[in-house]
Each structure stands twice: as C-alpha cells, then as structure tokens.
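We name chains A, B, ... by the order of the sequence lines, and we start the count at 1 in each one.
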Protein chains: 2
Amino acid sequence: MRAMAQKLETVESFSRGLAVLRSFGGVRSLTITDVSDRTGLTRAAARRFLYTLCGEGLARTDGKNFELTAGVLELGHAYLSGMSELETVRDILQDLTLEIGESASAATLDGHDIVYVARSPARHRIMTVGLAVGSRLPAHAASMGQALLARMHHNELEAFLQTSPLRALTPQTLTTRAALKERLALVRARGYALVSEELEIGLRSIAVSIEGRPRNATLAINLSAQSARISEAEMVETYLPRLMHAARRVQLSGG
Amino acid sequence: MRAMAQKLETVESFSRGLAVLRSFGGVRSLTITDVSDRTGLTRAAARRFLYTLCGEGLARTDGKNFELTAGVLELGHAYLSGMSELETVRDILQDLTLEIGESASAATLDGHDIVYVARSPARHRIMTVGLAVGSRLPAHAASMGQALLARMHHNELEAFLQTSPLRALTPQTLTTRAALKERLALVRARGYALVSEELEIGLRSIAVSIEGRPRNATLAINLSAQSARISEAEMVETYLPRLMHAARRVQLSGG
DNA sequence: CGTAATTGTTCGATAAACGAACATCAAGCC
DNA sequence: GGCTTGATGTTCGTTTATCGAACAATTACG
C-alpha cells in the first residue's frame, strides 16, 4: 500500500498533519519546536498544523504548550464504530474472564503488529505494560499474532517475513523465519497458538482465530495468564475448550 | 478555539483530510462518491485523501470500496498514551466493579459531550448502546457530565449553556438552562451528581469529579445501574462512599 | 444493444502551503 | 540592570502542492 501511494495522487499536507498528530504519542504536552524536532517539519509548518488541530478541537494550547484533547478519540472511534460485531465480541470476552478469571482480548493484524480492538481485563495485572484498545504489540511474539499469521496465504506470509524485523523481546522470542514458520505450521496443525514467555517473561497466552471472516478483517481472541500460575498443558486442557467455544460464539454472531 | 482558527494560519488540507477520516464513523466501507457526499468535497479531492489514508496504512481499498484499518487506533492512542494516570484509573475502576458489581467509567469533557476514557463494565449490560473508550454522550444528560459542568467557572458554564442544544433524550432530560443550572447548584452543594433516566430510560448513575486536576484536564468517574435494581437513596448510601473513596485514590495517584 | 446516468480520473491553473528572514523571548554573564 | 547570544515563535512574498472542470470508464435501464 505504501508502494501504491507512489503512483497515485495523495495530499502531502494531510500526511504531514497526521505525523504531527502521531508525534504526541507517549507525551502529554509539546511545544512548536518539540513537534518540529519529532517530525522533521520546519517550525513554521509545525505551527500551522498545530493550530489546525486546535481549530478542529483536537488539541488545545496555552500559547506555548500544546496538548491533544479527548476529541482525538473520535478518530479511532471511526474505525471501531464500523465494526458492528464489536459489542458482541466484548460481551463474549467478558464472559470468558468471569468464567476463568483471566484477561481475555481480541486483536487484529496491522502491518507487523497486532492491534487490540477489545479487552476484558482480569483483576490482577500480568503484564508490566497495561494494554488498552489501540495498543500494539509485535505479531510474531504474541499468541493472537501467531494465530493470525498461521492463517495467512503463503505469499502474504512470505511478504510479512521479508519485511518483519522479528525482534527479540525475551530470550524465548522466535527471531528467525525458520523458527517462526515451524511454529506457524504447528499452530495450523493444532488449531490454536500457545505462546510462553516470547512476548514477556512470566506471560503465557493461548489464542485462536475467528473463522469465516473476510481475508482483510481477520480477528483473533486470547486468554493470558502468568506462566507461574498455569502450565502449558493445563492451559490447553482447561482454557482452550472455553476459548474455542467463545470463538464459535463470535463466529455465529456474525463476528 | 474554532473562532481562534480564523485568525491564525492553518492547513486546510489537513482539516479536509480529517473530515474524510471522520466520515467513516458508523460504517465499515465507503466509495469515493460516498465520501464525497458525506464531506461535501469533490470526488477528485475525496479520492486524493482516501489514497493518502491508504498510503499511511490507515485505510485499504479493493479498488472500489475503502475501509479504515486498525492502524487508525494509533491516532486515538496518541491521546491516551499521554495520560500517564490512565492505567491506575482503569485499575481503580475495576476494583469498583468487583466490589459493587456495576459498571464503572471515567470520562472527560470535550465540547458539549463527555468522552469515555476508561471503562470497567459489569457483566450485565444496562444501556441499549454499548459504550467503549472514545464513546461520546451529551454532557448535560450524563452524571459525569453534570459532575464536570458543576465545577466549571461561571463564564465557562455560560458559554457552554449558550451553545449547547440541551437535547431531550428522555422525558426526564433537563432541557432548559434554568433547570440545568439548578441541578448543577445541587451537584455542587452535595459533591456528587445523581442522574436518573435523563440519559436513558431505566438507567441511573452517580458521578463525582476528581479533585486537584488542572482546569483543562478534568476527569470524572461514575457508577451506573438499572434504576429498577437500586433506588436513588440506596445508590447514595451504598455506592457513593465507595465512589468517593475511588476518586480519592485516583487523586492521590497523581490522576 | 444503445442511451443516460453515475462513478472514477487526469492535468493545466490557481491559490494554499511553504520556509527564509525577521521579531520576540529567555538565559547567562558582567 | 544592561548587553549578548541562543532559542523560539511569526510573517508574508514565492513556490509548488492541491485544486476541480472536463474527460474517460463503468453501470444501469429500457
């Protein structure tokens, strides 16, 4: 798609503006010069885009510092509100959490990452970084990522592997194409992805993909737990049946 | 802020692009002509912006229909990730839900709406429309909205009332400035906002705002229940103490 | 099949966006 | 306090990015 953009007319100022919006990631407040540094735009350009965001109600300024407003969430909401099945997915995930006492999530693939689209957290946090809708994690190291990659057509998967860094997050992360391909073959054979300590030390999760969805709207759901609390065998034995039942419910709901 | 934009240099193409992005709200898939109709842009302009979104990985197309991708969530995430206190807020809301068995939420004001920034849903859904982070509701009819409006400075509140439609969502909604002002005075005097069936028939909720936050970063939390399950008096007696305790925890956490 | 309407696209013209230069502010030193 | 230097914010003539009218392609209907 990025290659495609080379041949078709686009609006460069829109891209630049989006870069300005993204430059707020992780920080609350930025000056014109901060944004200029983060985006590579001139201060004059950064200023114009920031004032545009303010004019749209997406940012505010005290004259020196700029902050995004909650109105920005409306942009993400444009995507979520187009997914009519998402309410049902949330309810089903919540049932899972009540039943099992562990966090349940749904994610889709975007580039080399999974993106969380729904979450039902358990009371006890198990990852060092809190996850929310919109959070991204490297697909190769995440159970939902592997479940979705396993379903990709061969050419698509090759393209993914050619361009994905396969970064090591822990000593357990699969960082070679051969290792990941072997794992994905196993995922395909078993019908689920089980990931232990590849994403984070102490984290184990199991995922399945939702069948019957269009190729460009794939979705996976998972359950995560601390690896000290449950063995792989036990996760398969006690979590997997319920997870597959939930997946079936999502599928039957038109999800 | 919108008036301010008249005097300052902005990038009109960025605004137009954002309008294209927003035009996907509520639908999954749009053609060039659909977007043109929804935004008032020419088909040629709509096409350029759509292809820009595709080039940024925020949309994809089969050559005819365009859909947003999950990458759009990254834009909303730019706002959420700048709120360092949000993880703690989520945890605290979840404690509330576990304790009481009802949905707990946090929201901020944006224009005439509240915008949900965190949610801990109860198992039983109580509103006809599911809420998620990024969901917006009219502030005047929502308990968190009233809690936040009650804390506004006089001039600010007057400006809000001058421009807000005060739309009736139910026969109980407060739709006159006088009625709303009277309610807000009561909210101020009591220290909490109690809203019954003003937002939706069958829905009762109680909210408090978080003290000690900067004027432009106000936050409120609430508990919602079916009005048939709990009376106003009982909500005040059993929910309010816990809600205020949670608010205190949020405040002390730097939230 | 032929016609009309609708939808998607091209490219010369225009005006929107650009950034170099200027103005203002802040910090440090005497 | 005054002066100098460096950093930050802004202005406006110039440039080029974006524009939409007109054309091409596709679809729908009789």
Side-chain angles (χ1 to χ4, degrees), chain A residues 1-24 27-69 75 82 216, chain B residues 1-24 27-69 75 82 216:
Chain A
M1 230 10 131
R2 280 190 187 265
M4 180 178 109
Q6 304 291 348
K7 306 174 190 171
L8 296 165
E9 291 189 302
T10 59
V11 181
E12 199 58 33
S13 294
F14 183 35
S15 292
R16 288 167 147 226
L18 292 173
V20 168
L21 185 44
R22 287 200 193 91
S23 73
F24 282 88
V27 295
R28 168 155 242 153
S29 180
L30 295 172
T31 61
I32 289 170
T33 301
D34 292 333
V35 170
S36 169
D37 291 341
R38 283 171 164 240
T39 58
L41 297 173
T42 61
R43 297 195 309 274
R47 177 171 175 275
R48 283 194 296 269
F49 287 108
L50 285 168
Y51 282 134
T52 305
L53 284 173
C54 291
E56 291 291 328
L58 302 179
R60 66 188 155 231
T61 181
D62 58 13
K64 181 175 169 55
N65 291 290
F66 292 80
E67 296 181 355
L68 297 181
T69 68
L75 301 179
N216 58 12
Chain B
M1 238 359 139
R2 283 193 183 263
M4 181 179 106
Q6 305 290 348
K7 305 173 192 170
L8 295 165
E9 291 189 300
T10 59
V11 183
E12 199 57 33
S13 293
F14 183 35
S15 292
R16 288 165 149 230
L18 292 173
V20 167
L21 185 44
R22 286 199 195 93
S23 72
F24 282 89
V27 295
R28 171 156 239 154
S29 180
L30 294 172
T31 61
I32 291 172
T33 300
D34 293 334
V35 171
S36 169
D37 291 340
R38 283 171 164 241
T39 57
L41 296 173
T42 60
R43 298 195 308 275
R47 178 173 174 277
R48 282 195 295 272
F49 287 109
L50 285 167
Y51 282 133
T52 306
L53 285 172
C54 291
E56 291 291 329
L58 302 179
R60 65 188 159 231
T61 180
D62 58 10
K64 181 174 171 56
N65 291 291
F66 291 80
E67 299 181 353
L68 296 181
T69 69
L75 301 179
N216 58 9

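When the side-chain nitrogen and oxygen atoms of B:R47 are compared with OP1 and OP2 of C:dT9, one or more of them lie within a distance under 4.0 Å. Contact check, B:Y51 against C:dT9: a side-chain N or O comes under 4.0 Å of OP1 or OP2. Regarding contacts with the backbone of D:dT8, every side-chain N or O of A:T31 stays at 4.0 angstrom or more from both OP1 and OP2. At least one side-chain nitrogen or oxygen of B:S13 sits closer than 4.0 Å to the OP1 or OP2 atom of D:dC19. Between B:T42 and D:dA21 there is no side-chain polar atom (N or O) within less than 4.0 angstrom of OP1 or OP2.
The aromatic ring centres of A:F49 and A:F66 sit 6.0 Å or more apart.
B:E67 and B:S29 share no side-chain donor-acceptor pair at under 3.5 Å.
B:L68 is not listed as a side-chain neighbour of B:L58, based on a closest heavy-atom distance of 4.5 Å or more. Within the 4.5 Å cutoff, side-chain heavy atoms of B:R16 are placed close to those of B:L41. Side-chain contact between A:L30 and A:S23 is present, with at least one heavy-atom pair separated by less than 4.5 Å. No side-chain heavy atom of A:T61 sits under 4.5 Å from any side-chain heavy atom of A:L50.
With respect to the salt-bridge test (charged N to carboxylate O, under 4.0 angstrom), the residues A:E12 and B:R48 do not qualify.
The side chain of A:A45 has C:dG19 as its nearest neighbour among C:dT7, C:dG19, C:dA17. With distances taken from any side-chain atom of B:K64 to the nucleotides D:dA21, C:dG8, C:dC11, the minimum falls on C:dG8. For A:T33, counting side-chain heavy atoms from C-beta on, the closest listed nucleotide (D:dT8, C:dA20, C:dG8) is D:dT8. Taking the side chain of B:E9 as heavy atoms from C-beta on, and the options D:dC12, D:dT10, D:dG20, the nearest nucleotide is D:dC12. Of the candidate nucleotides C:dG19, D:dG20, C:dA21, C:dG19 has the atom lying nearest to any side-chain atom of A:R16. In this structure, the nucleotide among C:dG19, C:dT10, D:dT10 sitting nearest to the side chain of A:R48 is C:dG19. When each of D:dT18, D:dA21, D:dT11 is scored by its nearest atom to the side-chain atoms of A:A44, the top-ranked nucleotide is D:dT11.
What you find for A:A19 and A:T39 is that their closest heavy atoms are O-CG2, 3.7 Å.
Each of A:R43 and A:F14 was assigned the nucleotide of DNA chain D with the nearest heavy atom; the assignment lying further toward the 5' end belongs to A:R43.
Distance, A:L30 CG to D:dG9 P: 11 Å, rounded to whole Å. Distance, B:L41 CG to C:dG8 C1': 15 Å, rounded to whole Å. Residue B:D34 contributes atom CG, which lies 12 Å from atom C1' of C:dT6 at whole-angstrom precision. Regarding A:I32, its CD1 atom lies at a distance of 14 Å from the P atom of C:dC25, rounded to whole Å. One atom, CD of A:E12, and another, P of D:dC19, lie 13 Å apart when rounded to the nearest Å.
The terminal axes of the helix from C:dC1-D:dG30 to C:dC30-D:dG1, fitted over 5 pairs per end, subtend an angle of 40° to the nearest 10°.
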